[in-house]
Undergrad: 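This is the structure I want to talk about, given as C-alpha cells.
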Amino acid sequence: MAPIKANTIASQVATLAKLYLKSQPAEISETTISQLCDWLMEEFQQLPLNLQFSDYMRYANAEEMFVDIERGQLWVSAESYDSTVYPNPIYGFIFQGMHDYDHYLTNTDFSLEGEIMAYNFAAKRAPSLNVQKILYSEIVLRSATYLYQGHPADPKIAFL
C-alpha cells in the first residue's frame, strides 16, 4: 500500500473512531428494533452455514474464516455481538454470522475498506434507513474504533 493511501486510511479510521467514541448512544424506537430483528431472522434463515457459538474462537484474518465458510461452518465469538440494541443475544449472534458471510460474498477482509464494502452489501438489503444507520454503526464505526484502539470499544449504536 502506498504511503499516501495508508496515511489517508489511517486518518479515516481515526476520524470515524473518534466520532464513535465521542457520540452519545442513539435512541432507537421499538419499531426500528423490531424491524431490525425481523430482518435479521430472515437473513439467518437464508444463511447456508452452520453457525457455531464460541466464547473464545476468533478468526485471525478473513482467509481463515473463508476456509471454514467453504466447509459450511462459521465460528461466532461471544465478544463480537454484545451490543445493547438487541432484545435477545441471539440477534447479535445472527448479525455477526450474517456480517461475516457478507465478507465472504464480497471477498473482503477486516480492514476499513473491507468493512465498508461489507456494510454496503448489507445496507442494500436493509429494510429501512434506520436499519442502515444501525448497520453503519455496528459494522463501520465499531470496526474503525477497533482498528484505532486495537481492542473493542464499549458497544453502542451511534447515529452520526
Side-chain angles (χ1 to χ4, degrees), residues 1 5-6 8-17 19-21 23 26 28 32 35-54 57-83 85-86 89-153 155-160:
M1 185 179 309
K5 185 175 181 180
T8 301
I9 292 170
S11 174
Q12 291 170 340
V13 165
T15 299
L16 291 170
L19 287 169
Y20 179 81
L21 292 167
S23 70
I28 304 169
T32 298
Q35 185 180 52
L36 171 67
C37 291
D38 289 346
W39 177 70
L40 285 171
M41 190 56 71
E42 289 171 14
E43 290 285 310
F44 176 66
Q45 292 169 351
Q46 296 175 36
L47 278 177
L49 302 170
N50 181 17
L51 298 183
Q52 304 283 327
F53 171 83
S54 175
M57 178 65 182
R58 292 194 53 101
Y59 293 104
N61 55 52
E63 293 80 21
E64 185 179 292
M65 183 178 73
F66 294 170
V67 169
D68 268 0
I69 289 173
E70 289 173 2
R71 292 179 184 151
Q73 73 172 23
L74 177 67
W75 289 101
V76 179
S77 170
E79 293 177 356
S80 300
Y81 57 88
D82 54 355
S83 177
V85 71
Y86 307 110
I90 190 68
Y91 293 105
F93 176 78
I94 291 169
F95 166 77
Q96 190 61 48
M98 176 211 75
H99 173 64
D100 287 347
Y101 191 61
D102 284 350
H103 274 289
Y104 175 74
L105 294 174
T106 58
N107 193 30
T108 55
D109 62 11
F110 303 139
S111 67
L112 180 61
E113 294 156 316
E115 295 296 346
I116 290 171
M117 289 177 69
Y119 161 75
N120 287 332
F121 190 71
K124 290 176 185 174
R125 303 188 313 270
S128 70
L129 178 59
N130 283 334
V131 171
Q132 287 177 345
K133 289 178 182 180
I134 293 168
L135 294 174
Y136 187 79
S137 180
E138 288 281 81
I139 297 170
V140 176
L141 297 177
R142 280 186 71 192
S143 296
T145 305
Y146 181 88
L147 292 168
Y148 179 71
Q149 297 184 138
H151 60 84
K156 66 180 171 184
I157 301 298
F159 290 170
L160 305 181

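Note that the structure is predicted; figures quoted are calculated from it, not measured.
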Undergrad: Grab the two heavy atoms, one from A153 and one from R142, that are nearest each other, plus how far apart they are.
TA: O-NH2, 4.4 Å

Undergrad: What's the separation between atom CE in M65 and atom CD in E70, rounded to the nearest 0.5 Å?
TA: 11.0 Å

Undergrad: Under 30°, 30 to 60°, or over 60°: which ring-plane class applies to Y136 and Y119, parallel, tilted or perpendicular?
TA: perpendicular

Undergrad: Are side-chain N/O atoms of D68 and Y59 paired as donor and acceptor at under 3.5 Å?
TA: yes

Undergrad: Between K133 and F159, which heavy-atom pair has the shortest distance, and what is it?
TA: CB-CE2, 3.4 Å

Undergrad: Indicate yes or no: at least one non-hydrogen side-chain atom of T15 is less than 4.5 angstrom from one of Y148.
TA: no

Undergrad: Is there side-chain contact between E64 and W75, with heavy atoms separated by less than 4.5 Å?
TA: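 No, every pair of side-chain atoms sits at 4.5 Å or beyond.
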
Undergrad: Yes or no on side chain to side chain contact (heavy atoms under 4.5 Å, CB included) for N130 and I28, after CA distance, side-chain angles and deciding distance?
TA: CA-CA 8 Å; N130 283 334; I28 304 169; over 6 Å; no

Undergrad: Applying the side-chain contact (heavy atoms from CB on, under 4.5 Å) criterion to Q35, which one of I134, L40, V131 satisfies it?
TA: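 Looking at I134, L40, V131, the match for Q35 under the side-chain contact (heavy atoms from CB on, under 4.5 Å) is V131.
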
Undergrad: Within the distance-only criterion (no hydrogens, no angle test), does the side chain of S23 pair as donor or acceptor with the backbone N or O of Y20 below 3.5 angstrom?
TA: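 Present.
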
Undergrad: If you compare all heavy atoms of L21 against all heavy atoms of T145, which two are closest, and at what distance to 0.1 Å?
TA: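 Taking every non-hydrogen atom into account, CD2-CG2, 3.7 Å.
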
Undergrad: Quick one: CZ on F110 to CD on E63, what's the gap to the nearest 0.5 Å?
TA: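 Going from CZ on F110 over to CD on E63, the span is 8.5 Å.
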
Undergrad: Between D109 and S111, do the side chains contain a donor N or O and an acceptor N or O under 3.5 Å apart?
TA: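 There is such a pair between these side chains.
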
Undergrad: If you compare all heavy atoms of Q132 against all heavy atoms of A126, which two are closest, and at what distance to 0.1 Å?
TA: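 Minimum heavy-atom contact is CG-CB, 3.7 Å.
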
Undergrad: Is the closest side-chain heavy-atom distance between L36 and E138 below 4.5 Å?
TA: no

Undergrad: Using 0.5 Å steps for rounding, measure from the CE atom of M98 to the CZ atom of F121.
TA: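 The distance works out to 10.0 Å.
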
Undergrad: So how far is it from Y101 OH to T106 OG1, rounded to the nearest 0.5 Å?
TA: 11.0 Å

Undergrad: Begin with the C-alpha distance, continue with both residues' side-chain angles, and end with the deciding distance and a verdict on side chain to side chain contact (heavy atoms under 4.5 Å, CB included) for L49 and D100.
TA: CA-CA 11 Å; L49 302 170; D100 287 347; over 6 Å; no

Undergrad: What class does the angle between the rings of H99 and H103 fall in, given that below 30° is parallel, 30 to 60° is tilted and above 60° is perpendicular?
TA: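 Because their plane-to-plane angle is over 60°, the rings of H99 and H103 count as perpendicular.
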
Undergrad: Would E113 and T108 count as a side chain to side chain contact (heavy atoms under 4.5 Å, CB included) if you check the C-alpha gap in whole Å, the side-chain angles of each, and the deciding distance to 0.1 Å?
TA: CA-CA 8 Å; E113 294 156 316; T108 55; over 6 Å; no

Undergrad: Would you say that more than 12 heavy atoms from the other residues, nucleotides or ligands in this model lie under 6.0 Å from the CZ of F44, or not?
TA: no

Undergrad: Looking only at non-hydrogen atoms, find the nearest pair between L16 and A144 and report the distance.
TA: CB-CB, 3.7 Å

Undergrad: In Å, rounded to the nearest 0.5 Å, how long is the span from CD1 of I157 to CG of L135?
TA: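 One finds 8.5 Å between CD1 of I157 and CG of L135.
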
Undergrad: Testing the basics here: between L51 and L47, what is the closest heavy-atom pair and its distance to 0.1 Å?
TA: CD1-CD1, 4.1 Å

Undergrad: With rounding to the nearest 0.5 Å, note down the distance linking CG in L141 to CG in L160.
TA: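 Answer for the CG-CG pair, L141 versus L160, is 5.0 Å.
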
Undergrad: Could you check if a side-chain atom of I139 sits within less than 4.5 angstrom of a side-chain atom of I116, using non-hydrogen atoms only?
TA: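 Heavy-atom side-chain distance check fails, nothing below 4.5 Å.
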
